[in-house]
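As structure tokens, the structure follows; a few thoughts come after it.
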Amino acid sequence: MFLYGAFRSLFVFRRPTTISFYYRNLPRFFSEEKAGQEGPLKEIAFNDIVIPKEKIIVNYVRSSGPGGQHVNKTNSKAEIRFNILDADWLQDRVKQKLRVLQRKKINKMGELVITSQEHREQERNLQEAFAKLKQIIFEASKIEKERIIETDPETEQMEFRRIQGKRKRSDVKKLRSGRSDW
């Protein structure tokens with residue numbers, strides 16, 4: 001019941017100005033490990049992402065769409081999956097962000113499923129599926145910046161000029177309409 005109340009207060013009643021609010025507060029609710037075990041937050045470069053292929057489950061299934069007689073005989077669609085919680089090669093914050101951003105691609109067992117059927121060969125589809133996974137992990141590893149909108153307080157002179165401009169524009173529109181009060 002506590003978890004439901006936590007979700008309810010997080011997603012229903014509060015309206016944060018930035019989406020990073022959700023990611024900062026998610027570790028309290030989803031993490032199995034204690035907070036603060038990881039080092040300082042830093043972004044991962046795209047080329048630094050290493051996906052251990054031995055920890056990814058690879059399946060080949062029949063591809064959909066047109067293709068003649070050959071499409072009914074070959075399994076060219078590549079499907080890769082891994083359990084997000086068991087992925088020890090990902091940081092906790094990346095796992096949590098993946099669970100939020102890719103929630104439609106996660107099945108009931110907690111596996112992230114990525115497919116590719118762009119090409120006719122299994123190898124090319126497998127390479128493309130791994131490229132998609134790498135891109136997804138890169139997007140999840142980005143650190144959201146706190147957006148601060150700073151506006152200068154309006155001085156009396158600035159307000160006077162703004163009001164004068166509005167009055168001038170109003171007078172021009174009144175003259176165009178053919179109606180005038182004077």
Side-chain angles (χ1 to χ4, degrees), residues 1-65 71 74-147:
M1 192 64 181
F2 168 75
L3 193 60
Y4 174 73
F7 279 121
R8 187 174 170 151
S9 65
L10 180 64
F11 292 106
V12 177
F13 296 113
R14 295 182 189 164
R15 294 202 74 179
T17 55
T18 61
I19 196 72
S20 65
F21 171 83
Y22 295 113
Y23 302 132
R24 278 188 273 122
N25 290 318
L26 281 178
R28 288 188 301 169
F29 303 119
F30 292 120
S31 180
E32 293 85 24
E33 299 175 6
K34 294 178 183 174
Q37 286 185 351
E38 290 186 10
L41 296 179
K42 56 183 176 180
E43 284 194 24
I44 302 170
F46 186 76
N47 294 330
D48 292 342
I49 297 173
V50 178
I51 301 169
K53 295 188 176 172
E54 63 274 0
K55 297 192 179 190
I56 305 291
I57 300 168
V58 177
N59 293 326
Y60 296 99
V61 292
R62 297 242 166 100
S63 181
S64 64
V71 76
T74 58
N75 296 330
S76 60
K77 179 179 177 180
E79 177 183 271
I80 61 175
R81 60 178 64 212
F82 71 96
N83 193 317
I84 293 177
L85 293 177
D86 295 339
D88 55 352
W89 48 279
L90 289 175
Q91 296 176 355
D92 285 339
R93 67 176 180 86
V94 175
K95 290 180 195 179
Q96 291 152 6
K97 205 165 173 186
L98 274 175
R99 289 179 65 187
V100 172
L101 294 176
Q102 301 296 326
R103 65 185 173 273
K104 292 184 179 181
K105 293 183 180 181
I106 297 174
N107 62 16
K108 290 181 181 178
M109 294 183 292
E111 295 176 333
L112 177 67
V113 180
I114 297 170
T115 60
S116 175
Q117 58 181 355
E118 300 293 321
H119 307 287
R120 293 181 64 166
E121 299 88 22
Q122 285 182 348
E123 292 80 22
R124 289 180 68 188
N125 281 332
L126 183 62
Q127 289 172 358
E128 184 161 336
F130 274 106
K132 284 182 183 179
L133 177 60
K134 193 172 182 179
Q135 182 65 34
I136 287 171
I137 292 172
F138 177 68
E139 293 295 324
S141 69
K142 287 183 179 177
I143 298 171
E144 295 288 327
K145 295 179 182 175
E146 291 280 335
R147 303 293 182 199

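Values below: all heavy atoms of this structure, side chains included; hydrogens, waters and symmetry mates excluded.
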Would you compute the distance between atom [atom1] of [X] and atom [atom2] of [Y] and round it to the nearest 0.5 angstrom?
| X | Y | atom1 | atom2 | answer |
| --- | --- | --- | --- | --- |
| L90 | I84 | CG | CD1 | 8.0 Å |
| L133 | R81 | CG | CZ | 13.0 Å |
| I136 | K134 | CD1 | NZ | 13.5 Å |
| E118 | K77 | CD | NZ | 11.0 Å |

Quick one: closest heavy-atom pair of [X] and [Y], and the distance?
| X | Y | result |
| --- | --- | --- |
| A129 | I114 | O-CG2, 3.9 Å |
| I51 | W89 | CG2-CH2, 4.1 Å |
| R62 | N75 | CG-OD1, 3.1 Å |
| S76 | R120 | CB-O, 3.5 Å |
| K132 | T115 | NZ-O, 2.9 Å |
| R99 | I106 | CA-CD1, 3.8 Å |

Open item on the list: Is the terminal nitrogen or CZ of K53 (NZ for Lys, CZ for Arg) located under 6.0 angstrom from the six-membered ring centre of F130 and within 45° of that ring's axis?
Closed with: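 K53 over F130 ring: yes.
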
Task: Q122 side chain near N125 side chain, heavy-atom distance below 4.5 Å - done: no

Open item on the list: Do V113 and F82 make a side-chain contact, defined as non-hydrogen atoms from C-beta onward lying under 4.5 Å apart?
Closed with: no

Return yes if some donor-acceptor pair links the side-chain N/O of [X] with the main-chain N/O of [Y] below 3.5 Å, else return no.
| X | Y | result |
| --- | --- | --- |
| K95 | A87 | yes |
| K97 | K142 | yes |
| E79 | S116 | no |

TODO: For E123 and Q127, test the side chains for any donor-to-acceptor distance below 3.5 angstrom and give the result as yes or no.
DONE: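 Short answer, no.
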
